[in-house]
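What follows is a single structure, written as structure tokens, with notes after it.
Counting convention: from 1, in listed order, for ligands and their atoms alike. Worth saying up front: this structure is predicted, and the values here are computed from it rather than measured. This chain uses plain numbering: 1 for the first residue, then up along the sequence.
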Amino acid sequence: LDILKIAADLTEIVGSNHVKLNEPMAVHTSIKIGGPADIIVSPDNEDTLSKAYIYCLENKVPVFVMGNGTNLIVRDNGLRGVVIKIHNNFNSYKIIDDKIIAQAGILLSRLSKIALQNELSGMEFAEGIPGTLGGAVTMNAGAYNGEMSFVVQSIKYLDKTGKIKSLGNKELEFGKRSSFVQKDGGIVLEAEMQLKKADKHQVSEQMNQFAKMRKEKQPLELPSAGSVFKRPEGNYAGKLIEDCGLKGLKIGGAQVSEKHCGFIVNIEKATACDVIDLIAHIQKTVKDNYGVELQTEVKIIGE
Ligand SMILES: Cc1cc2nc3c(=O)[nH]c(=O)nc-3n(C[C@H](O)[C@H](O)[C@H](O)COP(=O)(O)OP(=O)(O)OC[C@H]3O[C@@H](n4cnc5c(N)ncnc54)[C@H](O)[C@@H]3O)c2cc1C
């Protein structure tokens, strides 16, 4: 890869303020881990975003799309090629009756506040999920019996051939922390959420209750990537891990959270290697003790 040439070409497309070279991914992930990305671009509109994406596809430059980096473990040698970050620059939204239509970079926590202010119910579950709307659609993020698949009616989607399409709820093939977007690898540009008119106080109360539960149960004070594993059928990853006696176990700077065993926290300059070794150790121990194969929910990427 001729990184300087690619960076120069992308600068032409998105402007020099929106391109960074050799950028540590630790700065862009909630667990604060990850080697450098060759190039990270954060376009500020749909037009330059799709042009930059198409440029990468046409020139066979590896490209990874990210939102707020709250579900990512980037390996220590970083990412080759281009990272497209869809975040602060894609923040706008509008409300039409009981629908919210928003751009992919808006934070889910903000979206649930917007729903509350507009007396709309359906986004309460999302008040404490730290990702973007695009990341949440891709991951079918959820909590407390709610998930994106219940509210997303359609999305505006840039596919891998560079075409903009509308995909409906069925076409999104939502599954357990998965969706068509994950398989297909295109870009969520916008999503339309169908909500319900509701009493503001009830919505607010529900959100406060969820926030309280989260604060009590999750290690929000330490860097993490949220739940490391998907919930196994008929069980809880955190409980299985705790029952194996792994609570508080450390490898290097990574630790099985003392507060919630489904989380791995970065307590002291952990490397991606530490986290990945800890994940492998947990998977093996849980398999040996309970015959359950834990699958990762976090995305492990890079070299
Ligand atoms: C403290 C904490 C609590 C959490 N609690 C929850 C929870 O309760 N429930 C839950 O489901 N998750 C939870 N998470 C995990 C995470 O917040 C969600 O998975 C979230 O949806 C990820 O969004 P993101 O913008 O950070 O995506 P990223 O981590 O940046 O990316 C995640 C995936 O989405 C893809 N992606 C991101 N944006 C786009 C886009 N615009 N178009 C196409 N693909 C895209 C990426 O390629 C990647 O595969 C938690 C994380 C933390 C740190």
If you measure every N/O of [X] against every N/O of ligand 1, is any gap under 3.5 Å?
X: Ser224; result: no
X: Gln218; result: no
X: Gly142; result: yes
X: Val188; result: yes
X: Asn68; result: yes
X: Gly69; result: yes
X: Gln182; result: no
X: Ser30; result: no
X: Gly67; result: yes

At under 4.0 Å between heavy atoms, which part of [X] makes contact with ligand 1: side chain, backbone, both or neither?
X: Met66; answer: both
X: Val181; answer: side chain
X: Thr138; answer: side chain
X: Leu220; answer: side chain

Using non-hydrogen atoms of the residue, decide whether [X] is closer than 4.0 angstrom to ligand 1.
X: Phe64; value: yes
X: Arg214; value: yes
X: Arg177; value: yes

| task | Examine the side chains of Thr70 and Asn68 and answer whether a donor and an acceptor come within less than 3.5 Å of each other. | result | no

Any side-chain donor near an acceptor of the partner, Tyr290 and Asn235, under 3.5 Å:
no

The option among Ser109, Gly186, Pro130 carrying the non-hydrogen atom nearest to atom 43 (C) of ligand 1 is Gly186

Of Val298, Asn71, Asp184, the one whose closest heavy atom lies nearest atom 29 (O) of ligand 1 is Asn71

Counting from 1 in the order shown, the ligand 1 atoms closer than 4.0 Å to a non-hydrogen atom of Gly226 are 2 (C), 50 (C), 51 (C), 52 (C), 53 (C)

For Ile86, the ligand 1 atoms with a heavy-atom partner under 4.0 Å come out as 41 (N)

Can you tell whether the side chains of [X] and [Y] come within less than 4.0 Å, N to carboxylate O?
X: Glu192; Y: Lys156; value: no
X: Lys259; Y: Glu221; value: yes
X: Glu127; Y: Lys113; value: no

Please check this pair: side chain of [X] against backbone of [Y], looking for a donor-acceptor N/O pair closer than 3.5 Å.
X: Asn22; Y: Asp38; answer: no
X: Arg177; Y: Gly142; answer: yes
X: Asp274; Y: Ala270; answer: no

- Query: Less than 6.0 Å separating the ring centroids of Phe125 and Tyr144?
  - Reply: no

heavy-atom search around atom 17 (O) of ligand 1 in the protein gives Thr70 OG1, 2.7 Å

